[in-house]
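To start, the structure itself, in structure tokens.
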2 protein chains.
Amino acid sequence: MSVDQIIDSIFLIPNESKALLKENFVEVRYPKGHILLRADRIEKNIYFIQKGIARAYADVEDTEITFWFGREGDAILSMRSYVENKEGYDNIELLEECALYELKTANLNKLFLEDLHIANWGRRFAEQELIKTEERLLSRQVRTASERYKQLIKDHPDLIQRVPLVHIASYLGITRNSLSRIRAEIM
Amino acid sequence: MSVDQIIDSIFLIPNESKALLKENFVEVRYPKGHILLRADRIEKNIYFIQKGIARAYADVEDTEITFWFGREGDAILSMRSYVENKEGYDNIELLEECALYELKTANLNKLFLEDLHIANWGRRFAEQELIKTEERLLSRQVRTASERYKQLIKDHPDLIQRVPLVHIASYLGITRNSLSRIRAEIM
DNA sequence: CGATACATTTACCAAATGGTAAAAAACTAC
DNA sequence: GTAGTTTTTTACCATTTGGTAAATGTATCG
């Protein structure tokens, strides 16, 4: 996933604006297992995944609850930090060695107030994250864990290969036991 | 909730921009039980609640699943229609007689591309909806139905008075039976 | 390759939840 | 106020899920 692909997939903007925006994408690399964002901090950067896979989890009474997976092209951010400049609930762990684009929130915010096209790009970015988040919420509310597991296999078959099942069970809101049962049923 | 309060609570913008935006708020009234938005349509308007209360529900195999409640100050919109101009999953039912502000999405989109301040207002609007949606998702993932019910009483005590318990049970992801059990336990 | 650690499956029982139906309570409309 | 409708509670049993622990399978590293 190139910088251009990422920017264009969100909203098409004129070349001058795009150049201003592109300047802020800095490529960084981290190893598998690296904790990129922490729940107890106000995070100053957001990221886009060029290559690799990550998860977000919340610490709840001595267990981790995974509530998001991200892969190539996805944005990594603590929404709370990004939007309200407060501590969030999300820890981000890289599940593979990752190549990322790093952007400073402060720089982005400055551009938003200076450039109409970039402001609209930022609006579209938030709107698209909103749609994705609502979809996750709906799927959780409307479908059973078993249905959502099947959906996951269908939509992202590689994810089951690349991610430990413990995290997938947690993501589905069930125990590893129950996930094993579901997997056994299907075959 | 006045138009000014609603606009200002999202993002402060200069008076000229605000005047342009305000022109688009049209007050409308509908009776209790009115279906404001439908899942099978591309909705062309969004609303803010001046007075009253509403719920969003999805039709799933001959049952309705409530996944959102809105009250004074909240925005009512089919995210899918607003963001992607596609049919959404949400039906909106007014649970009381409501006074609403209606805005045409097309007019808003035009303003977004013409006025930097309004574009940023639209960005903040999406960002704030994003935070709220993520919070609902997290709460669902992390807390039990019982905990979430207690939280609901604490945060919005009036809601339990104003909304039939069937909808609250559905919102919490449990049956009316289980909600009754929870309520019985608490006392 | 082998030893160790970690992840996953299976089995068992306990606890929580759903479904149906009937009783009680609350709300509507005349 | 009363009859009728709708909503909520309660009780029962069937089903699903969780928790613990042991067994199997898979990775990792010297």
Side-chain angles (χ1 to χ4, degrees), chain A residues 31-35 52-55 57-58 60-67 69 93-97 139-150 152-153 157-187, chain B residues 31-35 52-55 57 60-67 69 93-97 139-153 157-187:
Chain A
K32 177 175 175 171
H34 178 72
I35 306 295
I53 196 161
R55 72 174 179 117
Y57 65 93
V60 183
E61 292 149 16
D62 74 357
T63 37
E64 295 177 355
I65 296 187
T66 297
F67 59 88
F69 293 112
E93 179 193 354
L94 305 183
L95 298 173
E96 297 177 351
E97 199 203 341
S139 139
R140 233 194 124 71
Q141 189 119 351
V142 160
R143 316 236 167 261
T144 65
S146 170
E147 289 171 331
R148 294 198 301 125
Y149 177 69
K150 287 167 196 158
L152 201 64
I153 299 179
D158 58 313
L159 217 118
I160 281 100
Q161 310 301 323
R162 294 163 80 183
V163 175
L165 288 176
V166 211
H167 296 149
I168 292 175
S170 166
Y171 177 74
L172 296 172
I174 53 179
T175 59
R176 347 155 159 224
N177 286 0
S178 298
L179 180 55
S180 273
R181 270 192 285 242
I182 289 169
R183 285 161 59 82
E185 277 169 26
I186 291 173
M187 304 173 197
Chain B
K32 176 175 176 172
H34 178 72
I35 306 295
I53 196 162
R55 73 176 178 116
Y57 65 93
V60 184
E61 292 148 16
D62 73 359
T63 38
E64 295 177 355
I65 296 186
T66 297
F67 60 89
F69 292 112
E93 179 192 354
L94 305 184
L95 298 173
E96 296 176 352
E97 199 202 343
S139 141
R140 231 193 126 73
Q141 189 119 352
V142 160
R143 315 238 168 261
T144 64
S146 171
E147 289 170 333
R148 294 198 299 127
Y149 177 69
K150 286 166 197 159
Q151 185 86 30
L152 201 64
I153 299 179
D158 58 313
L159 219 118
I160 281 99
Q161 309 301 325
R162 294 164 78 184
V163 175
L165 288 174
V166 211
H167 297 148
I168 292 176
S170 167
Y171 178 74
L172 295 172
I174 54 179
T175 58
R176 347 155 158 223
N177 287 1
S178 298
L179 181 54
S180 274
R181 268 192 287 243
I182 289 169
R183 285 161 59 84
E185 276 170 27
I186 290 173
M187 307 170 195

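Just so we're on the same page: letters track the sequence lines, and every chain starts at 1.
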Exercise. Rounded to the nearest Å, what distance is computed from the CZ atom of residue Arg162(A) to the P atom of nucleotide dA27(D)?
Worked result: 16 Å
Exercise. Between Ser170(B) (side chain) and Thr66(B) (backbone), is there a donor-acceptor pair under 3.5 Å?
Worked result: yes
Problem set entry | Distance, rounded to the nearest Å, where His167(B) contributes NE2 and dT6(D) contributes C1' | 12 Å
Exercise. Can you tell me how far C1' of dA27(D) sits from CG of Leu165(A), to the nearest Å?
Worked result: 14 Å
Exercise. Does the distance from a Lys or Arg side-chain N to an Asp or Glu carboxylate O, for Arg55(A) and Glu64(A), drop under 4.0 Å?
Worked result: yes
Exercise. At under 4.0 Å, does any side-chain N or O of Ser180(B) touch on OP1 or OP2 of dT10(D)?
Worked result: no
Problem set entry | Tyr149(B): partners by ring pair (Phe, Tyr, Trp, His ring centres under 6.0 Å), with sequence neighbours left out | none
Seminar exercise, completed: Ile160(A) atom CD1 is separated from dT26(D) atom C1', nearest whole Å, by 18 Å
For this session: For the residue pair Arg143(B) and Gln151(B), confirm or rule out a side-chain donor-acceptor distance under 3.5 Å.
Result: no
Exercise. Between Phe67(A) and Tyr171(A), is the gap from one ring center to the other below 6.0 Å?
Worked result: no
Exercise. For the side chain of Ala184(A), counting heavy atoms from C-beta on, which of dT9(D), dG19(D), dT10(C) is nearest?
Worked result: dT10(C)
Problem set entry | Pair of N/O donor and acceptor under 3.5 Å linking dT20(C) base with Asn177(B) side chain | yes
For this session: When you get a sec, tell me which of dT28(D), dT9(D), dT8(C) is the closest nucleotide to the side chain of Val166(A)?
Result: dT8(C)
Exercise. Can you find a donor-acceptor N/O pair under 3.5 angstrom joining the side chain of Arg176(A) to the base of dG18(D)?
Worked result: no
Exercise. When you check the phosphate oxygens OP1 and OP2 of dG18(D), does a side-chain N or O of Ser178(A) lie under 4.0 Å from one of them?
Worked result: yes
Exercise. Roughly how many Å is it from CD in Glu185(B) to P in dA16(C), rounded to a whole number?
Worked result: 8 Å
Exercise. Atom CD1 of Ile182(B) and atom P of dT10(D): how far apart are they, to the nearest Å?
Worked result: 13 Å
Exercise. Rounded to the nearest Å, what distance is computed from the CD atom of residue Glu64(A) to the P atom of nucleotide dA7(C)?
Worked result: 11 Å
Exercise. Taking CZ from Arg181(B) and P from dG18(C), how many angstroms apart are they, rounded to a whole number?
Worked result: 8 Å
